[in-house]
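Beneath this line is the structure, given in structure tokens, with notes to follow.
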Amino acid sequence: QVQLVESGGGLVQAGGSLRLSCAASGTIFRPNTMGWYRQAPGKQRDRVAHFTTSGGPNYADFVEGRFTISRDNAKNTVDLQMNSLKPEDAAVYYCYLKHFSYGEGRWLEVWGQGTLVFVSS
């Protein structure tokens, strides 16, 4: 059973930067996709950035080149470097993993507990 633990959230002023980290414990199957979602109060959970099953990064339109996702497969970690933060980036950020279990014949989803990012104007 994979567990995801996020860290790195906090309070930052608009224009500042934060780096979120996610560490996965357990066996990650392939193919898989891993990345970050966010959810602001009263809003739906949106995908921010992720690595596709083919391995390439993909970003939401609202990122606008400000965020960079990186992954270390040897350490089972995925990071999100966020620069030029805006007040509207404030949300709970969740690490996410979806991987295919051939043993069970289905995709398995795992979510972290979330880390809060607050951006002051």
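By convention here, the first residue in the shown sequence is residue 1. These figures come from a predicted structure and were not determined experimentally.
- Listed by chain and number, the residues in a ring-ring contact (aromatic ring centres under 6.0 Å, His included) with Phe51 amount to none (sequence neighbours excluded).
- You'll find the side chain of Arg66 stays beyond 4.5 Å of the side chain of Gln81, heavy atoms only.
- Contact of the Ile69 side chain with the Trp36 side chain is registered, since non-hydrogen atoms from C-beta on lie closer than 4.5 Å.
- By the criterion of side-chain heavy atoms lying less than 4.5 angstrom apart, applied directly or through intervening Ile, Leu, Val, Met, Phe, Trp or Tyr residues, Met34 is grouped together with Val63 in one hydrophobic cluster.
- Comment: Glu88 does not engage Lys43 in a salt bridge, judged by the lack of any side-chain N to carboxylate O separation of less than 4.0 angstrom.
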task = With ring pair (Phe, Tyr, Trp, His ring centres under 6.0 Å) as the test, would you mind laying out the steps for Phe100 and Phe29 before giving the verdict?
result = CA-CA 6 Å; Phe100 189 80; Phe29 303 127; 9.0 Å; no
task = Starting from the C-alpha separation in whole Å, work towards a yes-or-no answer on salt bridge (Lys or Arg N to Asp or Glu O under 4.0 Å) for Arg71 and Asp79.
result = CA-CA 6 Å; Arg71 185 173 184 175; Asp79 291 352; over 6 Å; no
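- Under the 4.5 Å side-chain contact rule for hydrophobic residues, Val119 and Val92 do not share a cluster.
- The NZ atom of Lys98 sits 8.0 Å away from the OG1 atom of Thr33 when rounded to the nearest 0.5 Å.
- For the pair Arg38 and Tyr94, the cation-pi test (distance below 6.0 Å, angle within 45°) is failed.
- No side-chain heavy atom of Cys95 sits under 4.5 Å from any side-chain heavy atom of Trp111.
- Counting heavy atoms from C-beta outward, Asn76 and Val2 have side chains that stay 4.5 Å or more apart.
- Heavy atoms from other residues, nucleotides or ligands lying under 6.0 Å from CD of Gln1 number 12 at most.
- Contact between Leu4 and Leu97 at its shortest, heavy atoms only, is CD1-N, 3.8 Å.
- Hydrophobic clustering of Ile, Leu, Val, Met, Phe, Trp and Tyr side chains at less than 4.5 Å, counting indirect connections, keeps Leu80 apart from Leu116.
- Tyr96 places no side-chain N or O within 3.5 Å of a backbone atom of Arg47 that could act as its donor or acceptor partner.
- Residues meeting the side-chain hydrogen bond (donor to acceptor under 3.5 Å, both in side chains) test with Ser17, sequence neighbours left out: Asn83.
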inquiry  = Using the rule given for side chain to side chain contact (heavy atoms under 4.5 Å, CB included), can you reason through Tyr93 versus Met82, listing the C-alpha separation, both sets of side-chain angles and the distance that settles it, and then say yes or no?
reply    = CA-CA 12 Å; Tyr93 282 71; Met82 303 187 295; 3.7 Å; yes
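- Under the 4.5 Å side-chain criterion, counting only non-hydrogen atoms from C-beta, Phe67 is in contact with Asp89.
- Placement of Leu85 and Phe62 within a single hydrophobic cluster is found when ILVMFWY residues are connected by side-chain heavy-atom separations under 4.5 Å, directly or transitively.
- If you take CG on Asn32 and CG on Leu108, they are separated by 11.0 Å, rounding to the nearest 0.5 Å.
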request  = Verify side chain to side chain contact (heavy atoms under 4.5 Å, CB included) between Leu20 and Val117, making sure each step is shown before the conclusion.
outcome  = CA-CA 9 Å; Leu20 306 182; Val117 170; 4.1 Å; yes
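- Hydrophobic clustering, with ILVMFWY side chains joined whenever heavy atoms are under 4.5 angstrom apart, groups Val48 together with Leu18.
- Annotation: salt bridge (charged side-chain N to carboxylate O under 4.0 Å, His left out) contacts of Arg30 (sequence neighbours excluded): none.
- Remark: side-chain polar atoms of Ser101 are not paired, donor with acceptor, to backbone N or O of Gly105 under 3.5 angstrom.
- Applying the 6.0 Å contact sphere to CD of Gln39 captures more than 12 heavy atoms from other residues, nucleotides or ligands.
- The closest donor-acceptor contact from the side chain of Glu6 to the backbone of Ser21 lies at 3.5 Å or more, if one exists at all.
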